[in-house]
There are 2 protein chains.
Amino acid sequence: MPAEAKVDKVAKVDASTPRSDSPPLTERQEARRRRILHASAQLASRGGFDAVQMREVAESSQVALGTLYRYFPSKIHLLVATMQDQLEHMHGTLRKKPPAGETAAERVAQTLMRAFRALQREPHLADAMVRALTFADRSVSPEVDQVSRQTTVIILDAMGLENPTPEQLSAVRVIEHTWHSALITWLSGRASIAQVKIDIETVCRLIDLTDPANDSRV
Amino acid sequence: MPAEAKVDKVAKVDASTPRSDSPPLTERQEARRRRILHASAQLASRGGFDAVQMREVAESSQVALGTLYRYFPSKIHLLVATMQDQLEHMHGTLRKKPPAGETAAERVAQTLMRAFRALQREPHLADAMVRALTFADRSVSPEVDQVSRQTTVIILDAMGLENPTPEQLSAVRVIEHTWHSALITWLSGRASIAQVKIDIETVCRLIDLTDPANDSRV
DNA sequence: CGCTAATCTAGAACAAGTTTCAGACTTGAT
DNA sequence: ATCAAGTCTGAAACTTGTTCTAGATTAGCG
């Protein structure tokens with residue numbers, strides 16, 4: 001007994017973000033996908049990684065378990081997709097108020113701290129997403145990579161660079177490493193918020209170090 | 001039908017490393033613990049995180065499942081303990097041939113690359129240990145922290161410092177973050193060995209930046 | 001030695017992620 | 001409007017981490 005049984009004429013509609021390649025989704029499919037992601041985020045916000053139980057997600061989003069698995073082949077895939085989703089929001093939000101620091105390093109640090117504060121508002125959700133991200137194995141690489149690219153864009157945005165040098169890209173990579181790992185230590189209660197702040201500010205100094213403008217190499 | 005049924009007179013023997021506090025272990029308990037860790041590492045070496053199945057570990061180490069859980073309250077605890085174990089070896093090995101670089105940054109990078117090469121020899125084992133480490137939740141914090149401290153010691157060793165400044169400690173923290181995260185990207189196939197090398201070298205530049213000797217701040 | 005508490009064992013039971021399957025529903029094309 | 005192919009559903013089954021239990025075994029002590 002299908003819970004939904006109405007029209008769906010045109011099909012092939014694709015909402016905002018064209019989910020990479022793969023066959024485009026029907027309106028109702030897009031809606032299902034959205035319901036699932038919403039349920040996922042909601043459950044995650046409550047109890048973090050463990051609270052996102054596939055059966056519950058399926059139920060909350062009014063979808064059969066098998067269908068859930070057709071959309072997201074594993075819990076990790078689901079949570080990483082949830083992260084992609086949240087990252088888009090975040091990027092939009094961050095864009096609105098560009099960071100005001102003098103140097104690129106300051107602006108990046110400021111941006112990351114802003115993102116960090118957003119995560120602090122939903123620590124459980126952050127837990128679920130970050131744990132999924134670092135636990136992901138090779139089968140999730142494309143999706144994780146996408147998240148990584150998105151993060152890179154955010155950081156480069158904050159730096160305000162058109163065409164960064166390879167050195168600067170390396171610095172950005174290291175910043176991302178630090179960002180992820182620092183989040184984990186915070187989430188697992190091994191580092192304070194203050195400590196995370198220090199770590200971020202510390203690593204951001206690398207940016208100045210690689211800025212062609214002030215070439216004061218060591 | 002107990003597989004072991006021999007003597008164990010004296011008890012209270014504690015082998016090499018006094019496992020923190022907690023009641024000291026009997027000889028046979030110490031032996032069990034060792035068998036378990038050995039089985040864990042062995043299974044991990046084969047198939048990584050997934051191949052370390054609690055039932056298999058129990059069987060391989062000739063211990064009942066319940067006993068395994070008494071020694072290590074979860075799979076994550078077990079793998080983190082396995083990592084502690086391996087880290088000790090590693091530290092011992094690294095100690096023998098101190099790095100030869102000119103600057104502290106070079107020495108640290110060299111040491112980490114040496115450790116990295118060791119991990120490359122047992123990529124599956126590395127996978128199991130690193131995934132466990134980053135997936136660990138609050139209940140494993142003490143153990144994870146211990147691993148972190150041990151890593152810090154190794155890095156400070158490589159730097160050759162007696163009393164590092166707070167700034168230098170921050171740099172070391174960031175280096176550890178980068179080290180862990182870079183390992184993860186490598187393990188999940190999202191970064192090449194060369195890329196990891198670059199990231200490590202990049203982050204190690206932070207050390208020079210915080211070296212009171214050459215005070216060429218930006 | 002003989003006793004009591006702690007530990008260990010085998011095995012069942014439970015929980016949550018994942019897979020599978022038969023049958024109903026949709027879709028896209030004719 | 002109709003049909004083949006692809007989707008979705010509900011439910012059961014399977015896997016592996018974790019917990020629980022009753023009954024042996026072992027450790028430490030008087």
Side-chain angles (χ1 to χ4, degrees), chain A residues 1-13 22-33 35-36 40 43 47-79 128 131-132 135-137 139-140, chain B residues 1-14 22-33 35-36 40 43 47-59 61-79 128 131-132 135-137 139-140:
Chain A
M1 43 207 75
E4 17 169 344
K6 298 297 169 302
V7 281
D8 197 2
K9 300 287 172 58
V10 211
K12 289 219 173 178
V13 183
S22 57
L25 299 182
T26 278
E27 230 173 53
R28 291 172 47 189
Q29 288 178 318
E30 192 57 49
R32 270 189 210 105
R33 185 169 194 286
R35 286 206 305 278
I36 294 173
S40 168
L43 287 170
F49 188 89
D50 294 329
V52 181
Q53 302 195 351
M54 299 305 268
R55 282 173 244 258
E56 292 225 2
V57 173
E59 190 172 355
S60 295
S61 49
Q62 310 240 259
V63 139
L65 192 54
T67 305
L68 171 53
Y69 272 95
R70 173 186 278 273
Y71 281 70
F72 303 97
S74 78
K75 174 171 174 171
I76 299 292
H77 280 87
L78 171 57
L79 285 173
R131 297 265 290 286
F135 192 62
D137 65 1
S139 71
V140 205
Chain B
M1 44 206 77
E4 17 168 340
K6 296 297 168 303
V7 280
D8 196 4
K9 300 289 173 60
V10 211
K12 292 221 170 174
V13 185
D14 173 292
S22 58
L25 300 181
T26 277
E27 227 172 55
R28 290 172 49 189
Q29 289 178 317
E30 192 56 49
R32 271 189 210 105
R33 184 168 194 288
R35 286 205 303 279
I36 293 174
S40 168
L43 287 170
F49 188 88
D50 293 331
V52 180
Q53 303 194 351
M54 299 305 268
R55 282 173 243 261
E56 292 226 2
V57 173
E59 189 171 358
S61 49
Q62 309 242 261
V63 140
L65 192 53
T67 305
L68 171 52
Y69 272 94
R70 172 187 279 272
Y71 280 70
F72 303 96
S74 78
K75 175 170 173 173
I76 299 292
H77 280 86
L78 171 57
L79 285 173
R131 298 264 290 287
F135 192 62
D137 66 1
S139 72
V140 205

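Note that the coordinates shown come from a computational prediction; the quantities given were computed from them, not determined experimentally. So that the names make sense, note that chain A is the first sequence line, chain B the second, and so on, each numbered from 1.
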Chemist: Choosing from C:dT27, D:dT18, C:dT7, which nucleotide comes nearest the side chain of B:Lys75?
Modeler: D:dT18
Chemist: Looking at A:Tyr71, I'd like to know if the NZ or CZ of A:Arg33 sits under 6.0 Å from its six-membered ring centre while staying within 45 degrees of the ring's axis.
Modeler: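 No, A:Arg33 does not sit over the ring of A:Tyr71.
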Chemist: Nearest of D:dG17, C:dT18, D:dC8 to any side-chain atom of A:Met54?
Modeler: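 Given the options D:dG17, C:dT18, D:dC8, the side chain of A:Met54 is closest to C:dT18.
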Chemist: Taking all heavy atoms of A:Leu79 and all of A:Ser40, pick out the closest pair and write down the distance.
Modeler: CD2-OG, 3.7 Å
Chemist: Using heavy-atom distances to pick each residue's nearest nucleotide on DNA chain D, tell me which of B:Arg55 and A:Gly66 is more 5'.
Modeler: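 It is A:Gly66 whose nearest nucleotide is closer to the 5' end.
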Chemist: Both A:Tyr69 and B:Ala64 contact DNA chain C. Which one's nearest nucleotide lies toward the 5' end?
Modeler: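 The residue whose closest nucleotide sits nearer the 5' end is B:Ala64.
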Chemist: When you measure from the side-chain N and O atoms of A:Tyr71 to the phosphate of D:dT7, is any distance below 4.0 Å, counting only OP1 and OP2?
Modeler: no
Chemist: If I take atom CG in residue B:Leu68 and atom C1' in nucleotide D:dG17, what distance separates them, rounded to the nearest angstrom?
Modeler: 11 Å
Chemist: As an exercise, state the distance from CD of A:Glu27 to CZ of A:Arg32, rounded to the nearest 0.5 Å.
Modeler: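 Nearest 0.5 Å value for the CD-CZ distance: 11.5 Å.
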Chemist: Round to a whole Å and report the spacing from CZ of A:Arg35 to P of D:dC8.
Modeler: 11 Å
Chemist: Output the rounded distance in Å from CD (A:Gln29) to C1' (C:dG28).
Modeler: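 Atom-to-atom, A:Gln29 to C:dG28, this comes out as 13 Å.
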Chemist: Please give, in whole Å, the distance from D:dC8 C1' to A:Arg33 CZ?
Modeler: 17 Å
Chemist: Report the residue (A:Gln53 or A:Pro73) whose heavy-atom-nearest nucleotide on DNA chain C is the more 5′ of the two.
Modeler: A:Gln53
Chemist: Do the numbers put A:Lys75 on top of the ring of A:Phe135, so that NZ or CZ is under 6.0 Å from the six-membered ring centre and no more than 45° off the axis?
Modeler: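 So A:Lys75 doesn't make the cation-pi contact.
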Chemist: Could you check whether B:Val57 gets within reach of a base, just the sugar-phosphate, or nothing at all, counting any heavy atom under 4.0 Å?
Modeler: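 Since no nucleic acid heavy atom lies under 4.0 Å of B:Val57, the category is nothing.
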Chemist: Answer yes or no: does a side-chain N or O of B:Gln62 lie under 4.0 Å from OP1 or OP2 of C:dT9?
Modeler: no
Chemist: Report the distance from atom CG of B:Leu65 to atom P of D:dG17, rounded to the nearest whole Å.
Modeler: 9 Å
Chemist: Quickly work out the A:Ile76 CD1 to C:dG17 P distance and round it to whole Å.
Modeler: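 Computing the A:Ile76:CD1 to C:dG17:P distance gives 10 Å.
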Chemist: One pair to check against side chain to side chain contact (heavy atoms under 4.5 Å, CB included): A:Gln53 and A:Leu43. What are the steps and the verdict?
Modeler: CA-CA 8 Å; A:Gln53 302 195 351; A:Leu43 287 170; over 6 Å; no
Chemist: For A:Glu30 and D:dC8, what is the distance between atoms CD and P respectively, to the nearest whole Å?
Modeler: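 So the two atoms are 12 Å apart, to the nearest Å.
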Chemist: Would you mind classifying the nucleic acid contact of A:Phe72 as base, sugar-phosphate or nothing, using non-hydrogen atoms under 4.0 angstrom?
Modeler: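 Nothing, no heavy atom under 4.0 Å.
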Chemist: Starting at NE2 of A:His77 and ending at P of C:dT18, how long is that distance when rounded to a whole Å?
Modeler: 10 Å
Chemist: Are OP1 or OP2 of D:dT25 and a side-chain N or O of B:Arg28 less than 4.0 angstrom apart?
Modeler: no
